[in-house]
Amino acid sequence: MTTTPGAPDSCIVVKDVGMDFSSKSGTFQALSEVSLNVERGQFATLIGPSGCGKSTLLRVIADLLQPSSGSVSVFGESAGQARKARNFGFVFQDPVLLPWRSALSNVALPLRVSGLTKGEAEARARALLDLVGLAGFEQNLPSTLSGGMARRVAIARALTLHPSVLMLDEPFNGLDEIRRQNLNEELQRVWMESGATAILVTHNVSEAVFLSDRVFVMGKGPGRIVAELVIDLPRPRTTVMALEGRFLEYVRTLTAELTGTYAVEDL
Amino acid sequence: MSRWARVVTLSAVYLAILVCWQLIANADAGPQSLLSGPVQIAQTIIEKWQILLQASIVTLTEAIVGLFGAVILGVTVAVIIDAVDLVGPTVYRLSVILYSVPLIALAPLLVLWFGPTFTARAVTAMVASFLPIVINTVQGLRGAPHAVTELGSSLAMSRISILSVLRFRYAVPSFLASLKIAGPAAFIGAMLAEWVNAERGLGISLLYAMFSFNVEGLWSTLVVATFWSGAIYLMFDTLAKRATPWHASAGAAK
Ligand SMILES: Nc1ncnc2c1ncn2[C@@H]1O[C@H](COP(=O)(O)OP(=O)(O)OP(=O)(O)O)[C@@H](O)[C@H]1O
Ligand SMILES: [Mg+2]
């Protein structure tokens, strides 16, 4: 099931995007001719070896970086318009919590920025902290939160403005397997409740299969999309399902695709 | 070492220094002596406390007004250096040149411009103290993670609010730390300005004491001036630690 660019149900259309970084030592081609399409309400994942340009692509879609060539449109508008309309919720590779603000006040930041009063903003932030399972930790400073909690706070913050697109750059990197599985389930629940379109960057094959409707496998030298896989499993997905045949079949297929993107010297 | 052991050791060291100082001063006593012992200095300070306090207030006022100006100038310059790539390096170089002009040469010039006024002295204090504020504030702003700027962009915040709401707070610890250096520097700048232009103040008292060969007066003024310099340092040191309790643990923040 592929959609033509600009079809009514496509949310994100990336066309022929190239990204060159120039420095004193020359030009580095981080992305070349990347095209992809994500439908409204879908969960899409970018997976690929380190340095293949996943974060760069996500930043280009979020209009945090200007592509050297090609275009990005979000619901028919440019990425810049979508960003200025605050349509994006971004979870960065590090949680990036402001260290002087409590968890509550960190989550309230986007609401304060968009002009809500402190009272209104904190009431909504409280509800969001509750949604990600952090009720009772409102007043904690980031330095007193565990890695997993800090990432939940970052996800809650990304959701505060009801973004139509949620972007997650390796949100659970560095967490142990059990906690990661647990957070994946919560992320699925939170995302389903929000109705947003989501783009996730990950290195983890089973995480990609567990969460996604569609997976884009990227290769490097230069960064590009080498394969696309549709994951047709019912939702909500559960930890039990992750042990069953069809799920494991997807994991096998994706692992094979991913292995193909590694050059021999990388292995 | 326990806290008490440290306090006792330190007190003992200081006491030993004071005793030696006094013994040397006693041995060298006489009308031509250039060294006053701690006891004589303390006596002079107690006798002349009103005069010394008045002089202190004059100099401290100049230093405080100068430091206040330095904060405004320094932070403004830092923001320009940080925000405007085109002129940033030039502004930085100009600041360094201004700071490199010997104060003792600059003070008379300022008297020509502003007259023998309080303003001239405060401006001298300002010039003496603004560069550490610039350097530390720029460093602090640069130390804010790049992702914080991206967070702001993703929320469609303007450059100005990204700076004032998000990044400036990262610069607060190093800004406050710079005041530990800038504060005493402003005080010394004010004293120096008094040498070329003042009727009252600790700086001019030193000069009067020197010309009238008042050794006790010189020493007592010196001790009082050192006390204020140290007090300013301690005040900003405490402020820096109190005002940014998140900073000490910020390194652990994930
Ligand atoms: N601002 C930049 N300037 C120069 N080169 C950059 C810049 N950002 C990224 N790159 C380069 O582009 C390539 C892709 O980087 P990117 O961060 O997108 O990779 P990634 O797939 O997210 O990797 P990882 O999985 O390790 O996070 C890397 O080789 C990186 O060095
Ligand atoms: Mg990355």
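Only this structure's heavy atoms are used, side chains among them; waters, hydrogens and symmetry mates stay out. Letters go in sequence order (proteins before strands), and every chain restarts at 1. These numbers were taken from a predicted model, which means no experiment stands behind them.
More than 12 non-hydrogen atoms from other residues, nucleotides or ligands lie less than 6.0 angstrom from OH of B:Y99. Crowding of B:F118 atom CZ: a count of heavy atoms from other residues, nucleotides or ligands under 6.0 Å exceeding 12. Dense packing is recorded around CG of B:L10, with more than 12 heavy atoms of other residues, nucleotides or ligands lying under 6.0 Å away.
Heavy atoms only, all atoms of each residue included: B:L155 and A:V113 are closest at O-CG1, 4.1 Å. The nearest pair of heavy atoms linking A:L98 to B:Y170 is CD2-OH, 3.9 Å. A:R83 and B:S153 make their closest contact through NH1-O, 2.8 Å (heavy atoms, listed as atom of the first residue, atom of the second, distance).
Residue A:R112 does not touch chain B at all, counting heavy-atom pairs closer than 4.5 Å. Proximity to chain B is absent for every atom of A:L65, based on heavy atoms less than 4.5 angstrom apart.
Atom OG of B:S154 and atom CG of A:N87 lie 12.0 Å apart (nearest 0.5 Å). Remark: A:Q93 CD to B:E150 CD distance equals 10.5 Å, nearest 0.5 Å. Interatomic distance, NE2 of B:H146 versus CG of A:D94, reported as 12.5 Å (0.5 Å rounding).
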Given the rule in the side chain to side chain contact (heavy atoms under 4.5 Å, CB included) test, do B:L151 and A:F92 qualify, once you have shown the distances and angles that lead to the verdict?
CA-CA 8 Å; B:L151 171 69; A:F92 294 88; 3.9 Å; yes
